[in-house]
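First comes the structure, then the notes that go with it.
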Amino acid sequence: MLCSINYILQKQMEIGYRDLTSKMSDNEFRAYFEYVFNDEKQYLILDTVDYERDIQMENIEAESKVLVVPLFEKVIIHHINMDTNEPVLTKYEVSVGYVSSKTVTPYNSL
């Protein structure tokens, strides 16, 4: 099984994941991703194509409302004043982004 997984890992560099996984059986698919996620040296390659999607600001604003994530807000400027009781805020709202820093814990490992 390991030999076939190594072959699959080599092929993923040549073809995309959709082409690669569409030819796998369910057992091969499961074995492949269990191997990739259990080996800390393995990783999945994110392949993006510039300008593949037509991104419109209206769509971004609509999705931010659905997700209840503000696109613009005043930001605390910590390097000016570290006082948490009277924080210094930016004068104008600025565009912000969020990155989740939570680690996912599987339910069965609790």
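Heads up: numbering here begins at 1 and tracks the sequence. All values below come from the heavy atoms of this structure, side chains included, with hydrogens, waters and symmetry mates left out.
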request  = Verify the neighbour count for atom CG of Asp26: are there more than 12 heavy atoms of other residues, nucleotides or ligands below 6.0 Å?
outcome  = no

inquiry  = Taking CE in Met57 as the centre, count heavy atoms belonging to other residues, nucleotides or ligands within less than 6.0 Å. Is the count above 12?
reply    = yes

inquiry  = Side chains of Glu61 and Leu71, heavy atoms from C-beta outward: is any pair under 4.5 Å?
reply    = yes

ask   = Does some side-chain heavy atom of Ile76 sit less than 4.5 Å from a side-chain heavy atom of Val88?
value = no

query = For the atom pair CG (Asn27) and CD (Glu34), what is the distance rounded to the nearest 0.5 Å?
reply = 9.5 Å

query = When rounded to the nearest 0.5 angstrom, what is the spacing between NZ in Lys74 and NZ in Lys91?
reply = 9.5 Å

query = Any donor-acceptor pair under 3.5 Å linking the side chain of Ser25 with the backbone of Glu28?
reply = yes

task = Start with the C-alpha gap between Ile77 and His79, add the side-chain angles, then the distance that decides, and say whether side-chain contact (heavy atoms from CB on, under 4.5 Å) holds.
result = CA-CA 6 Å; Ile77 308 173; His79 66 277; 3.0 Å; yes

key: Distance, nearest 0.5 Å, that separates CZ of Phe72 from OG of Ser64   = 9.0 Å

request  = List the steps, then state whether side-chain contact (heavy atoms from CB on, under 4.5 Å) holds for Val75 with Val96.
outcome  = CA-CA 9 Å; Val75 178; Val96 294; 3.9 Å; yes

task = With rounding to the nearest 0.5 Å, note down the distance linking CE in Met24 to CZ in Phe33.
result = 6.5 Å

